[in-house]
Amino acid sequence: MRMSRLLVRTLREAPADAEVASHQLLVRAGYIRRLASGVYTFLPLGLRVLHRVERVIREELDAAGCQELLLPALHPIELWEQSGRAALFGSDALPTMTVDGRGGTFVLGPTHEEVVTVTVGAEVDSYRQLPLTVYQIQVKFRDEARPRFGLLRTRELIMADAYSFDVDKEAMQESYRIVFDAYLRIFERLALDVTPVEAASGAIGGDVNHEFMVPSVVGEDHFVSCCSCGYAANVEAATRGEGTAVGGDGAPAPEVVQHHTPGRPGIADVVSFFEDPEISAGDLLKSMATVDDQGRPTLILIPGDREVRLPGGWRLFEDGDFVAHPSLVKGYIGPVGQQEQGIRVVADVGVVRPGSWIVGANRSDHHLSGVVVDRDFRVDAWGSFAEVVTGDPCPRCGEPIELVRSVEAAHTFQLGYKYSEVMPGSNFVAEEGGEAVFSMGCYGMGVSRLLAVVAEEHHDDRGLVWPGEVAPFRVHLAALGAGRVPEVAAAADQLYERLVGAGVEVLYDDRDVSPGVKFADADLLGLPIRLVIGAKGLARGVVEWRSRSTGEERELTLEAVVEDLVSE
RNA sequence: CGGGUAGUAGCGCAGCUUGGCAGCGCGCCUGCUUUGGGAGCAGGAGGUCGCGGGUUCAAAUCCCGCCUACCCGACCA
């Protein structure tokens, strides 16, 4: 490609709305442009990178025995009503459009479990057709409340997602492992340092699932990591080992004292009430009224300096729940006497400690101090109910664990029968006769997000530094002073034609601009190899070869350059 | 959805306090000179000052409403 003809405009300054490096560089280098908040155009260079990423995904998934198809982006809303997810998402969060004339309301697909289940269900009637894993690369739509960081969090995005169909759970787990391994290979080729972590399943559902996390300063997620035993989990799913003693000795008073604490519902409010430097948030019990996954009203107790981690399927009390359970007084909830009111009490392992606690008195504007576990209240079950922080003991080996900021690059789920049980057509004739339904897995990877992640992890202060697998072109050929020295122009033209003829992807900077501009643009665009032809070198019959990533420089003859690039 | 900031040429910004000719740098066009790390000179094009209303002889500037974007938080398959 001749740069004089390429639709690209590089910017010396980044637009004011770009905060993070990947966003600034992708815009400055002319790869992408913003159309609306969270909606981006891929200009020719950006599209080439996107295609390169997609190629890696296709090659690895095809090699793993998956088959590509393309599902619609528009889904009849009835499909989402059948699965129950229309209600789960809520009308606000599910982007829809109404098609007039023929009528009908369509969902702008945010994910494709429903569609793929009915699609494959219609084609598969026998266990003999299984196992089957299909995948697609498709535009998806998300109702992001706050798009940010360029391609990292957008409302329209390109995703690759695979779906596996198996005869039973064991077979599904085998398919899961195969795609899981393929995903690891994809990230390796994209030069991303990925850590698969145990994760919470959210609105997709299913039991076992993993997130593929890339540690990054721009990450919006955290995972916990144990360097001794390798335990890794999303902070939303992570648990911690027992034996943590948090906070100080607390209020020493052995007897329970009631305090009038008007207008102080929060932890910090109560701490300030006592005006005692010995008392901190860690001496209070945070009591969270929840409904557990079996619908039982349950009080979760965690140390006051911690954030609650709700187990999957649990939810916080809503206003109606407080009305139904008057023993729980919003803002002044405590564990004392709750079992007698039919409330389960569960506690984080951090609640085990010497001394006493300050708790809500279950009476408006009152708190209790000197409350002791097992004496003043009972705990029905102990567990890990607080969000893990750096230094907590690993739940497997007890060593301190670390919190790592990261970007979620992919998410894989063992769905099981969640969709096949509710969507029509998911039954097939089993080997032993009789009917069975699919055991499914799904595997999503944010392709457009990967551009941002790769750019974020592979750049320097001068510009992008693309890994070879995803660079839009392999070679950046710059002819210096070509407009002035015909020999240079001729030699550069000839080298360009030879390389292109040999199948090397070359971006040829044939513009009549000063050398400084060409060098700066080459650095900014970030192609792996830069070739420079100038009058000085040409007089000696050499061109300059330079690696963008290592800065290594060589002088090669024209012949050697061609040989070098073609043989690799 | 709550809090904050901003919207003036393609990009980055000044002007607004104290109302009075629409500005600067980069980029773009033409010409000449220049040419190994974002060249110089000369000339030129490009504007609904986010939108609507109000105050005023006069509004980019003051007032009211709205929209858009970004940041923090909430939310996030």
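The analysis underlying the following values was restricted to heavy atoms, covering all of them including side chains, and did not include hydrogens, waters or symmetry mates. From a predicted model like this one, the values you see are computed outputs, not experimental measurements. Proteins get letters first, then strands, A, B, ... in listed order; numbering begins at 1 in each.
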What does B/G38 pair with, Watson-Crick or G-U, if both distances are under 3.5 Å?
none

Write down the distance between CZ (A/R9) and P (B/G12), rounded to a whole number of angstrom.
12 Å

Rounded to whole angstrom, note down the C1' distance from B/A9 over to B/G15.
15 Å

Tell me: CD of A/E144 to C1' of B/A74, nearest whole Å?
13 Å

Counting Watson-Crick and G-U wobble pairs only, both distances under 3.5 Å, name the nucleotide matched with B/A74, or none.
none

With nearest nucleotide decided by heavy atoms, which residue, A/A16 or A/R484, maps closer to the 5′ end of RNA chain B?
A/A16

Between B/C75, B/G36, B/C76, spot the one nearest the side chain of A/R153, thanks.
B/C76

Would you kindly give the CZ-to-C1' distance between A/R511 and B/U35, to the nearest whole Å?
15 Å

How many Å lie between OH on A/Y40 and C1' on B/C70, as a whole number?
10 Å

Base, sugar-phosphate alone, or nothing: which one does A/A535 contact when heavy atoms must sit under 4.0 Å apart?
nothing

Among the nucleotides B/C26, B/A69, B/G36, whichever has the atom closest to the side chain of A/R12 is B/C26

Expressed as a whole number of Å, how far does the P atom of B/C16 sit from that of B/G50?
15 Å

Salt bridge between A/R405 and A/D221, side-chain N to carboxylate O under 4.0 Å?
no

How long is the line joining CD of A/E307 and P of B/A74, in whole Å?
9 Å

Check ion pair A/K286-A/D305 (N to O, under 4.0 angstrom)
no

How is A/R530 classified with respect to the nucleic acid when contacts are heavy atoms under 4.0 Å: base, sugar-phosphate, or nothing?
base

Does B/G43 have a Watson-Crick or wobble mate here (both distances under 3.5 Å), and if so which one?
B/C29

Strictly below 4.0 Å: does A/R146 bring a side-chain N or O up to OP1 or OP2 of B/C71?
yes

Which of B/A69, B/G37, B/G36 is nearest the side chain of A/R546? It is B/G37

Note: A/R546-A/E552 ion pair, threshold 4.0 Å (strictly below)
no

Kindly list each side-chain donor-acceptor pair under 3.5 angstrom involving residues 515-537 of chain A, sequence neighbours excluded, with atom names and distances?
{"residue": "A/K518", "atom": "NZ", "partner": "A/A479", "partner atom": "O", "Å": "2.5"}
{"residue": "A/K518", "atom": "NZ", "partner": "A/D509", "partner atom": "O", "Å": "3.1"}
{"residue": "A/K518", "atom": "NZ", "partner": "A/R511", "partner atom": "O", "Å": "2.8"}
{"residue": "A/D521", "atom": "OD1", "partner": "A/T10", "partner atom": "OG1", "Å": "3.0"}
{"residue": "A/D521", "atom": "OD2", "partner": "A/R511", "partner atom": "NH1", "Å": "3.3"}
{"residue": "A/D521", "atom": "OD2", "partner": "A/R511", "partner atom": "NH2", "Å": "2.9"}
{"residue": "A/D523", "atom": "OD2", "partner": "A/R462", "partner atom": "NE", "Å": "3.1"}
{"residue": "A/R530", "atom": "NH2", "partner": "A/E544", "partner atom": "OE2", "Å": "3.0"}

Pair partner, B/A60 [Watson-Crick or wobble, under 3.5 Å]
none

Is any NZ, NE, NH1 or NH2 atom of the basic residue among A/R2 and A/D493 found under 4.0 Å from an Asp or Glu carboxylate oxygen of the other?
yes

Which nucleotide, B/A69, B/G36, B/G38, lies nearest any side-chain atom of A/R34?
B/A69

Need one value for A/G534: base, sugar-phosphate or nothing, where a base atom within 4.0 Å counts as base even if backbone is also close, heavy atoms only.
base

Could you tell me whether the phosphate oxygens of B/G38, OP1 or OP2, come under 4.0 Å of any side-chain nitrogen or oxygen in A/S514?
no

Rounded distance in Å between the P positions of B/A69 and B/G53:
23 Å

Flag this pair as yes if the NZ/CZ of A/R48 is under 6.0 angstrom from the six-membered ring centre of A/F473 and inside a 45 degree cone about the axis; otherwise no.
yes

Nearest-angstrom distance from the residue atom CD of A/Q24 to C1' of B/G12:
12 Å

With a 3.5 Å limit on both atom pairs, tell me what B/G7 is paired to, counting Watson-Crick and G-U wobble, or say none.
B/C67

Indicate, yes or no, whether a donor-acceptor pair under 3.5 Å links the base of B/G27 to the side chain of A/E13.
no

One thing to verify: whether A/R540 and A/E555 come together as a salt bridge, which I'm taking to mean a side-chain N less than 4.0 angstrom from a carboxylate O.
yes

Considering only heavy side-chain atoms of A/F149, the closest of B/C72, B/A39, B/C11 is B/C72

Which is true for A/R28 with a 4.0 Å heavy-atom rule: it touches a base, it touches only sugar-phosphate, or it touches nothing?
base

For A/R148, report the nucleic acid contact type (base, sugar-phosphate, nothing); a contact means any heavy atom under 4.0 Å.
base

Regarding A/E19, tell me which of base, sugar-phosphate or nothing describes its non-hydrogen contacts under 4.0 Å with the strands shown.
sugar-phosphate

Which one is paired to B/G23, where only Watson-Crick or G-U wobble pairs with both distances under 3.5 angstrom count?
B/C13

Atom-pair distance (CG on A/L152; C1' on B/C70), nearest Å:
15 Å

In whole Å, what separates the P atom of B/G44 from that of B/G23?
14 Å

Determine the interatomic distance between P on B/C32 and the same-named atom on B/U17; round to the nearest Å.
47 Å

Nearest-Å distance for atom pair CG/P, residues A/D221 and B/C75
13 Å

